[in-house]
Protein chains: 2
Amino acid sequence: METKKIPDIVVARLPRYLQVLQHMKQEKLVTTNSKVLGDRLGISAAQIRKDLSQFGEFGKQGTGYSVDFLINTLRVILNVTDAWKIVVVGAGDLGHALAHYQGFTNRGFQVSMVFDNDPRLIGKQIGAFTVQDTADLIDKVRAAEIHVAMLTVPASAAQKVAEELVKAGVTAILSYAPIVLNLPHNIQVQYIDPILQLQHMTYYLE
Amino acid sequence: METKKIPDIVVARLPRYLQVLQHMKQEKLVTTNSKVLGDRLGISAAQIRKDLSQFGEFGKQGTGYSVDFLINTLRVILNVTDAWKIVVVGAGDLGHALAHYQGFTNRGFQVSMVFDNDPRLIGKQIGAFTVQDTADLIDKVRAAEIHVAMLTVPASAAQKVAEELVKAGVTAILSYAPIVLNLPHNIQVQYIDPILQLQHMTYYLE
DNA sequence: CAAGATTTGTGAATATTATAGCAATAAATT
DNA sequence: AATTTATTGCTATAATATTCACAAATCTTG
Ligand SMILES: NC(=O)c1ccc[n+]([C@@H]2O[C@H](COP(=O)([O-])OP(=O)(O)OC[C@H]3O[C@@H](n4cnc5c(N)ncnc54)[C@H](O)[C@@H]3O)[C@@H](O)[C@H]2O)c1
Ligand SMILES: NC(=O)c1ccc[n+]([C@@H]2O[C@H](COP(=O)([O-])OP(=O)(O)OC[C@H]3O[C@@H](n4cnc5c(N)ncnc54)[C@H](O)[C@@H]3O)[C@@H](O)[C@H]2O)c1
């Protein structure tokens with residue numbers, strides 16, 4: 001349990017800090033500071049210091065932050081020190097892309113199972129995974145103790161599948177279906193809908 | 001030009017309102033109100049009224065909002081009355097998924113061109129599109145007067161390709177590469193990185 | 001058609017979030 | 001070892017965002 005309540009908007013920025021820090025590590029940078037981090041992210045230095053200070057004191061006056069130490073600290077805070085197993089439901093185009101994607105492993109995740117309900121897909125190989133029948137989803141996901149899901153089924157199936165995932169013990173769902181899911185309050189839900197972001201941008205275009 | 005400056009956070013919510021309204025229209029709902037909209041979105045009714053009031057008076061006391069009228073109004077505000085042409089750069093797994101996706105058309109967009117620099121892909125057919133050589137990107141995108149792009153190349157190529165898109169006259173880029181792009185201030189940029197959202201959720205998991 | 005029920009749009013009141021600024025500390029320089 | 005420079009963490013302040021609450025307008029119902 002955290003000592004004070006951390007604003008969600010602060011939590012949402014931490015993964016971005018971690019992303020940039022991991023790039024810095026690849027560039028062999030050993031230390032950094034709030035100014036440099038902020039410039040890379042388009043965020044003020046004060047904001048970054050304030051955000052981090054919610055969790056402890058990780059920097060050194062005059063020097064800044066150790067890249068390695070801050071990466072490790074953020075991984076602990078964000079709970080991604082080990083790799084979370086992920087179940088992908090919907091083995092269509094997006095499910096395919098996710099199953100192939102190599103970028104999960106060093107950021108705290110690994111795809112572990114892929115499901116679909118189309119008989120033509122069940123049993124087929126996608127990358128390292130054999131597509132499994134959603135009829136078995138609840139049992140298999142529960143048995144594997146998977147708590148994170150990515151949902152890439154059509155909007156019309158998303159609510160029903162999401163409810164099954166919850167029954168299977170999943171507590172965090174990242175949905176690509178362009179529809180708002182109705183789930184218990186203790187379930188974490190996030191959405192990816194590129195069109196929302198495109199429309200946000202077109203507002204500012206001529 | 002808007003009379004007053006609208007907060008960006010308000011603009012970001014409008015596409016969500018539009019999304020839910022379009023679902024309501026599919027459900028044959030003729031009118032709605034701020035309470036119902038808010039419940040579907042997990043937003044307070046007051047917030048929705050306040051947001052909309054920034055742009056005018058679109059409701060009727062006692063009745064609420066006409067679904068059709070509000071959809072049209074939001075489409076005008078968000079500048080998606082016609083379909084924006086989109087160029088997809090990177091014809092890999094994600095580019096493939098985007099080129100196949102049928103959900104753009106009735107939400108204000110249409111994929112128009114797909115580019116890649118891999119000789120094995122150039123000339124290949126992906127859905128309705130022939131993959132074109134990025135060597136020709138600047139000329140062809142400029143000639144077609146395309147101003148919106150989706151970037152699905154590896155992170156290592158993203159900055160360079162983004163700069164070419166800007167040279168081609170693109171002013172809005174939705175990037176799937178997990179890297180912060182450095183572009184002129186007049187260019188709209190948004191990112192999709194599922195891992196940022198997964199890490200946001202794992203913060204709250206046990 | 002009057003009385004009661006709804007629901008908007010908005011000014012005022014709260015609540016939340018971001019920025020500014022500085023004492024404290026660490027390192028670099030002379 | 002004293003001085004200068006850099007940078008944190010945090011408090012105070014400023015700026016933004018959300019919610020409240022109500023007059024005004026419209027619908028519903030008997
Ligand atoms: N492809 C894109 O670029 C894109 C863009 C924006 C949004 N989306 C959304 O993402 C989701 C997936 O898109 P896609 O392009 O991969 O679609 P797709 O049609 O290629 O794949 C969907 C898969 O889900 C499977 N499916 C359907 N019902 C199911 C069920 N009840 N249980 C298990 N599997 C089921 C289908 O058999 C299919 O394989 C959709 O909701 C779509 O609207 C996709
Ligand atoms: N696949 C996923 O689910 C997923 C998830 C998260 C992030 N991403 C990110 O999205 C991007 C695309 O992912 P993907 O899985 O489609 O990758 P991919 O490797 O399947 O496709 C990338 C494509 O870009 C092309 N390309 C490379 N350099 C290019 C250049 N200079 N000009 C034009 N084309 C070029 C390649 O030939 C390839 O066809 C990557 O940045 C990846 O990190 C993907």
Side-chain angles (χ1 to χ4, degrees), chain A residues 2-17 20-21 24 29-74 76-77 200 203-204, chain B residues 2-18 20-21 24 29-74 77 200 203-204:
Chain A
E2 265 69 43
T3 36
K4 348 149 206 192
K5 176 66 169 55
I6 310 291
D8 185 65
I9 197 160
V10 172
V11 177
R13 280 191 291 263
L14 301 182
R16 301 182 55 203
Y17 300 168
V20 167
L21 284 160
M24 288 178 166
L29 293 174
V30 174
T31 60
T32 187
N33 60 58
S34 59
K35 174 73 167 48
V36 170
L37 273 168
D39 286 350
R40 288 228 196 177
L41 286 157
I43 286 178
S44 78
Q47 175 97 83
I48 287 174
R49 292 202 302 277
K50 189 59 169 287
D51 284 353
L52 294 176
S53 76
Q54 305 259 18
F55 300 94
E57 306 192 358
F58 310 123
K60 233 186 211 171
Q61 280 116 324
T63 315
Y65 301 92
S66 150
V67 171
D68 258 335
F69 180 73
L70 198 49
I71 285 174
N72 290 337
T73 302
L74 284 171
V76 169
I77 292 169
H200 185 168
Y203 173 86
Y204 295 103
Chain B
E2 264 69 40
T3 37
K4 350 148 204 192
K5 176 68 170 52
I6 309 291
D8 185 66
I9 196 162
V10 172
V11 176
R13 280 190 292 262
L14 302 182
R16 300 183 56 204
Y17 300 169
L18 180 54
V20 167
L21 284 160
M24 287 177 167
L29 294 174
V30 174
T31 59
T32 187
N33 60 58
S34 58
K35 173 73 166 49
V36 170
L37 273 169
D39 285 350
R40 289 229 196 177
L41 286 158
I43 287 178
S44 79
Q47 175 97 84
I48 287 172
R49 293 202 302 278
K50 194 55 165 276
D51 284 353
L52 294 176
S53 76
Q54 305 259 16
F55 300 95
E57 305 194 358
F58 310 122
K60 236 187 210 171
Q61 280 118 324
T63 313
Y65 301 92
S66 150
V67 171
D68 258 335
F69 181 74
L70 198 49
I71 286 174
N72 290 337
T73 301
L74 285 171
I77 292 169
H200 185 168
Y203 174 86
Y204 295 104

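Bear in mind the structure is a predicted one, so any value in this text is a computation, not a measurement.
- Atom CG of B/L37 and atom CG of B/L21 lie 5.0 Å apart (nearest 0.5 Å).
- When all heavy atoms are compared, the tightest approach of B/Q54 to B/P7 is NE2-CD, 4.0 Å.
- With sequence neighbours excluded, no residue satisfies salt bridge (charged side-chain N to carboxylate O under 4.0 Å, His left out) with B/R16.
- Separating the CZ atom in B/F58 from the CG atom in B/L74 is a distance of 7.5 Å, to the nearest 0.5 Å.
- Judged as a side-chain contact (heavy atoms from CB on, under 4.5 Å), and not counting sequence neighbours, the contacts of A/D51 are A/V10, A/R13, A/Y17, A/Q47.
- Taken to the nearest 0.5 Å, the CD atom of B/Q61 stands 9.0 Å off from the OG1 atom of B/T63.
- At the heavy-atom level, A/K35 lies nowhere under 4.0 Å from the strands shown.
- Side chains of A/I48 and A/I43 form a contact here, defined as non-hydrogen atoms less than 4.5 Å apart.
- For the side chain to side chain donor-acceptor pair (under 3.5 Å) test, residues two or more places apart in sequence or in another chain that qualify with B/D39 are B/K35.
- From one end of the helix from C/dC1-D/dG30 to C/dT30-D/dA1 to the other, with five pairs defining each end axis, the axis direction shifts by 20° (rounded to 10°).
- Considering only residues two or more places apart in sequence or on other chains, A/A46 meets the side-chain contact (heavy atoms from CB on, under 4.5 Å) condition with A/S44, A/R49.
- In this structure, the CD atom of A/Q54 is 13 Å from the P atom of C/dT16, given to the nearest Å.
- Taking the side-chain contact (heavy atoms from CB on, under 4.5 Å) definition, one finds that B/S66 meets it with B/D68, B/F69, sequence neighbours left out.
- Pairs engaging residues 53-66 of chain B under the salt bridge (charged side-chain N to carboxylate O under 4.0 Å, His left out) rule: none recorded [sequence neighbours left out].
- Scanning for side-chain contact (heavy atoms from CB on, under 4.5 Å) contacts around A/V36 gives A/M24, A/T32, A/N33, with sequence neighbours left out.
- DNA chain D is contacted by A/G59, A/K60, A/Q61, A/G62, A/T63, A/G64, A/Y65 of residues 59-71 of chain A, taking any non-hydrogen atom closer than 4.0 Å.
- A/I6 has its CD1 atom 12 Å from the P atom of C/dT17, to the nearest Å.
- Interface limits on DNA chain D: the 5'-most and 3'-most nucleotides within less than 4.0 Å of chain A heavy atoms are D/dA6 to D/dA12.
- Using a 4.5 Å heavy-atom cutoff, the side chains of B/I77 and A/Y203 are in contact.
- Within residues 36-49 of chain B, the residues that place at least one heavy atom under 4.0 Å from DNA chain C are, in residue-number order, B/R49.
- Residues from residues 7-14 of chain A placing a heavy atom under 4.0 Å of any atom in DNA chain D do not occur.
- The shortest distance between side-chain heavy atoms of B/L14 and B/L18 does not fall below 4.5 Å.
- In this structure, the CG atom of B/N33 is 11 Å from the P atom of C/dG9, given to the nearest Å.
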